[in-house]
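Down below is the structure, laid out as structure tokens.
Order of the sequence lines sets the chain letters (A, B, ...), proteins ahead of strands, with each chain counted from 1.
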Amino acid sequence: MGVEWGRIIELWPEIQTAFFQTLTMIGISLAVALIVGLPLGILLFITDRGLFLENRPVNAVIGFIVNIVRSIPFIILLVALIPLTKLITGTTIGPIAASVSLSVAAIPFFARIVENSLREIDKGVIEAAIAVGATPWMIIKDVLLPEAKASIIQGVTLTIISLVAYSAMAGVVGGGGIGDLAIRFGYYRYDNTIMIVTVVILIVLVQLIQQAGDYTAKAIDKR
Amino acid sequence: MGVEWGRIIELWPEIQTAFFQTLTMIGISLAVALIVGLPLGILLFITDRGLFLENRPVNAVIGFIVNIVRSIPFIILLVALIPLTKLITGTTIGPIAASVSLSVAAIPFFARIVENSLREIDKGVIEAAIAVGATPWMIIKDVLLPEAKASIIQGVTLTIISLVAYSAMAGVVGGGGIGDLAIRFGYYRYDNTIMIVTVVILIVLVQLIQQAGDYTAKAIDKR
Amino acid sequence: MIQIEKLTKTYTTKHGTVTGVDNVSLEIGKGEIFGIVGYSGAGKSSLIRCINLLERPTSGSVTVDGNDLTKLNSEKLRKARLKIGMIFQHFYLISQKTVYDNIAFALRAAGTPSKNLKGRVEELLEMVGLSDKRDVYPAQLSGGQKQRVGIARALANNPAVLLCDEATSALDPNTTLSILRLLKDINLKLNITIVLITHEMNVVKEICDRMAVMQGGRVIEEGQVYDIFADPQKELTKEFISSVVSFNVPEHLLSEFTGTVVKVLFKGGVAGEGVISDMLQNYPVKGNFLHGAIEYIQERPLGVFIMELKGTSSDVMDALKYMESRSAIVEVIPNGR
Amino acid sequence: MIQIEKLTKTYTTKHGTVTGVDNVSLEIGKGEIFGIVGYSGAGKSSLIRCINLLERPTSGSVTVDGNDLTKLNSEKLRKARLKIGMIFQHFYLISQKTVYDNIAFALRAAGTPSKNLKGRVEELLEMVGLSDKRDVYPAQLSGGQKQRVGIARALANNPAVLLCDEATSALDPNTTLSILRLLKDINLKLNITIVLITHEMNVVKEICDRMAVMQGGRVIEEGQVYDIFADPQKELTKEFISSVVSFNVPEHLLSEFTGTVVKVLFKGGVAGEGVISDMLQNYPVKGNFLHGAIEYIQERPLGVFIMELKGTSSDVMDALKYMESRSAIVEVIPNGR
Amino acid sequence: GSGEESGSEGTGGEASKDIKLGATAGPYSDMLSKAIVPGLEEKGYTVELVEFSDYIQPNVALDGGDIDANLFQHTIYLENFEKENGMDLSALITVPTAPMGLYSNQYDSLEAIEDGATIAIPNDPVNGARALLMLQDEGLVELDPEAEVLQASERDVITNEKNLEFQPIEAGQLPRAVDGSDLAAVPGNFAIAAEMDLLDALALENMPDQYRNVVAVNAENEGSELAKDLVEIVESAEFEAVIDEEFEGFGKPEWMAE
Ligand SMILES: Nc1ncnc2c1ncn2[C@@H]1O[C@H](COP(=O)(O)OP(=O)(O)OP(=O)(O)O)[C@@H](O)[C@H]1O
Ligand SMILES: Nc1ncnc2c1ncn2[C@@H]1O[C@H](COP(=O)(O)OP(=O)(O)OP(=O)(O)O)[C@@H](O)[C@H]1O
Ligand SMILES: [Mg+2]
Ligand SMILES: [Mg+2]
């Protein structure tokens, strides 16, 4: 399993491209997961039993959909979503197209994380806000989100790391990215150098994301 | 995307086989994850700063290994572990062989879950046990495990569901299973009937596991 | 101000239903400070949380300022809550917002225009003595300071009613005192009705006008604080009072006394008139104070003394009669002789 | 029994180091009940947690029963802890084990052979009055019952020392009293040394022999409980005592009195000897009790009265001198006249 | 010497007649089950089919003895694989194989292809190289003559007159990519699985025998009873009948055409 430095230099442009593809996929799908998953997670929480917008049917339906999407193997999701992907991005291949499936997979994942983060908030603080006569929207904006901020950021970290893992499967639709490079060169072409390099890049990437997440979560927490 | 009932009956034996393959893979890798991941998770917890077997180097090393394994894309892991798989199972194909990689992936996952569950235990209860003069082993056995029991069971549920998702990739080494059936028929053979049937089976399976987990966790909790 | 009528609150748990409040009716007047005491689980919190409908009553009604809250829709209820402040044992401040923002939050809930916000927050901070903590996060405050922020938040929208659920139970006695004085102050200045839950009789003694004692979800005794302290009817009430006004002389000391041991109770202004002093000067008995306490409840003295009286039995009898004639309540305590 | 020498404990936090305990030396004798009071953050918990090395001191030593704990290796320390029971404010029982198993856990820690286990657990349950709760889980117990389990667990291995960190702060006054009586009982029966942290002077008054007052990590006052109650030296100590023995007469009442207002303090057995009664009978002054309290601290009465004395100024002077001669401490309070 | 020894081991293994055959999901797995397994069963074998969803593991398994024969690869791939992995496998006989085709929903002839069109090609090296060779044969690109035929990748393209933009994706996904990109080079087996008509292709791969799939066994077992039986079955008339009936469009190898 020797590492040939020459090979790394030779394939450096490819590695760079893959790196940016990974960033693209994660960037897009993270953004979608945040934009859609956050409200969904909040909805899951506030419509639950005993909460201020308790609504059992809405809660059950969202919960069910979230569970279903989480049950489907990613590759099947990828296939099932081809029409949607085509509709949204106009293409079914490449990193942008892959981002559609990644987003769909990330939304329920992140929604559950948000829900769990919100559950950690002291119920008393929410009650105090209700007692003060705050509107549901104020409670969400000024109590739930600020109080769960640090925990949600940890959840974003976890989502990013899961997306890194999932994006390795994006090769199926030509999404490219570091994980796919590892599979194509390391696995199909027996290029141990590239395999090791890409795996190291992945490990470093994951560690950096983890540390950045930990640091941010700690830094913004006022407790 | 029509469903042809005849096709289902025709492939029923195949579906059954796949179902048992899934059960085999999950059963084995879950067992390994429990047996290895549980102590590892406990070790991660008790060697952490301020805990009763504080040992920074051990903690850092285990944490590092766990993070690395979690950073490697599953398919790369699958391939990298072929020699180990051969050594252990004598074969590199089939559900038993796939279980090796699944186990290796599940161990660090479950270890982290155990660690997080243990963190939820009131530190005071652990201190009370120390103050009473309990040995570390007694603290683990009679305080940590019972107190984190319900939370660990929820963690087992989560691990099983992740294993269901991962096992869909076991087709690479001919592992079979429901997820692989979905991929082989739904993805490679364009057989929508089987794809829908298998996805439904997966969804039902995941829901059942979730509900069984929730129920057990609630039932055994004495709080 | 507050009418609670036949209020019952039951909870459904996995082990069956639990009755939190059991058919309670109460009337609390404007500007009153009303104390509710009872042991843990008596239903105090359940009751007070029904007053602003944080907990929806199973049956019965709650009328605050003429509005039957149980009949309001959620938007109207929210508006009604603006006029019912609440403070909690554990403060429940937004940990990620500064003191300023915690208070401004309440004002925004009432739709205060932002140009008035700053001035009003500063006024409130002034009132609770925290002007210098404006931009600090709750984690940097002491318990007492946190509770002051809680009070400022509760008062932000000039409520007519202030509900306090164990507002001082997490605080040390000194801080408790300062918070109680602040509440009393607010009550006097703003004529706010205060309902105050506690399990410490000291708190009731310090600031309440009327009180209720709860047990098993029911109100078992209710009345003027002074009257209840002076003459508690229920065993539980006596127990509570004895935790502040303790009249027990150690058993074995009691048995060493040779004279007649009496307990003398003075109500109202009488304690100030020197009944004991007159008695000692008018009768040839020797008095020996074993235990005594004069408490000022709502600034009226309530005195209890346990004395050993020595003298001929007829002199002692006369002395006792004299005291009774001056409206003291006298009780002879058997001391084993 | 316990020697604490020059003990300092500092914590390193992300905002720098915090001193929990600052150069404290204390000696606590065998069979003593030693109380430590102080406001939140004074270092009480830090100090008591250093006694069984739950917190390792930054410097200084802790000797329990002749063993310098700071010098022991972890196995020896564990053995030493078997002889130092500890009970906590929040009980810290294993929520997933029955009462029986919670107590048996402690016994197993000491390697008790399983045939002796059952008998000993039942003996302990008997002692704390919980024989009927043997197979119940902590969640089904009241606070006081949980604390009794905590006590049984702490006493399981016949410790020489019992450490109590705010053992009653989470309990209502009645339950507090019953727990304190139980502790006193145990102290008498088993001659166990008890170190007890609290911020309630009532608790100290009720059962402690000696006490220390902590502030900012230091012990600022230390001595017999009776002496400290009778004659506190430090401002903080006075504040604490005033929370139990309150001597304040409302300001505006004070200004209405026409006579001389005096505060009379009796120490020790004197209170029982009828000094005031004699004074009133021997001098032509009229006494008017404004406030009075006789507390029994360690069963010795400590009496404080605030009286208005009316009479000619020379008679009043004589009366005061008389009381002083009978070793009462008399202080004239200016009342605005 | 050693070859014979392991050969006899192989024979020992055959005595049980319990065998495992490997294939990738799709037509070759079907070819095994429909055209070969019945013949084997007639000869008294008990056959288990193992389906893989990738191109590496069937050989790894064959080398490790986990399966007894496989059918999914062509000769060039097999030889390259042996070289890369230091394995000793041998091809027994070629079978009818579906040719790779160039499909498009945009264009109806090669000439119509516009400058800068996107083309999806397989992301595994062997099929990727095949696609490039097909494009070279059609005169759309020119590959570096020095590049290894089997490993040729987009980077070996030296002239690309129409500036085709290559998008390597997973082979099984290619039929679906016909919609997503201008052109797609789809391996025959997936095209058939996706019910595409081979005749719709703008171009079909020119398929010499070394690009036709083979039944492969471990070299040790080349002379085994099973190997002989497999060859016999493939050469039988029943086999060809099944192919004609169920595997329309599969290009027959030279030996069969004869
Ligand atoms: N949300 C709830 N679900 C189920 N039971 C509840 C709930 N809230 C209160 N109860 C039960 O109702 C009864 C009254 O509880 P409540 O909290 O009102 O008592 P409390 O007097 O405030 O006691 P404390 O002094 O401990 O706060 C108790 O038996 C309690 O267990
Ligand atoms: N683990 C810790 N890390 C950092 N600082 C600590 C830690 N434990 C205690 N301190 C600090 O040490 C000081 C003393 O705390 P300690 O808990 O001993 O006070 P206490 O008298 O027990 O107060 P309380 O009545 O609130 O329990 C405080 O300033 C506290 O913030
Ligand atoms: Mg309550
Ligand atoms: Mg403390």
Is the count of non-hydrogen atoms from other residues, nucleotides or ligands lying under 6.0 Å from C:K76 atom NZ greater than 12? no
Would you say that more than 12 heavy atoms from the other residues, nucleotides or ligands in this model lie under 6.0 Å from the OH of A:Y166, or not? no
Tell me, side chain or backbone of A:K123 under 4.5 Å from chain C's heavy atoms, or both, or neither? neither
Atom CZ of residue position A:R49 - does it have more than 12 heavy atoms of other residues, nucleotides or ligands inside 6.0 Å? no
By the definition side-chain contact (heavy atoms from CB on, under 4.5 Å), identify the one residue from A:I126, A:V125, A:L144, A:I121 that meets it with C:I94. A:V125
Rounded to the nearest 0.5 Å, the OG atom of C:S95 sits from the CG atom of A:D122 at a distance of 9.5 Å
Bottom line for C:L53: the part with an atom under 4.5 Å from chain A's heavy atoms is neither
Interface check, chain A: of C:K83, C:M86, C:R108, most non-hydrogen pairs under 4.5 Å belong to C:R108
Looking only at atom types and distance, does a side-chain atom of C:Q96 sit under 3.5 Å from a main-chain N or O of A:E147, one as donor and one as acceptor? no
Under 4.5 Å, heavy atom to heavy atom: which of residues 109-144 of chain C reach chain A? Give them by number, or say none. C:A109, C:Y137, C:A139
Within this structure, what is the CZ-CD distance for the pair C:F88 and A:E127, rounded to the nearest 0.5 Å? 6.0 Å
Donor-acceptor pair, distance only, cut-off 3.5 Å: does the side chain of C:R81 make one with the backbone of A:A131? no
Within a radius of less than 6.0 Å around CZ of A:F52, do more than 12 heavy atoms belonging to other residues, nucleotides or ligands occur? yes
Taking every heavy-atom pair that is under 4.5 Å apart, which of A:P136, A:P146, A:A150 has the most such pairs with chain C? A:P146
Is it the case that over 12 heavy atoms from other parts of the model lie below 6.0 angstrom from the CZ atom of A:F64? no
Winner by heavy-atom pair count (cut-off under 4.5 Å) against chain C, out of A:V143, A:T135, A:I220: A:T135
Rounded to the nearest 0.5 Å, the CZ atom of C:R78 sits from the CE atom of A:M138 at a distance of 8.0 Å
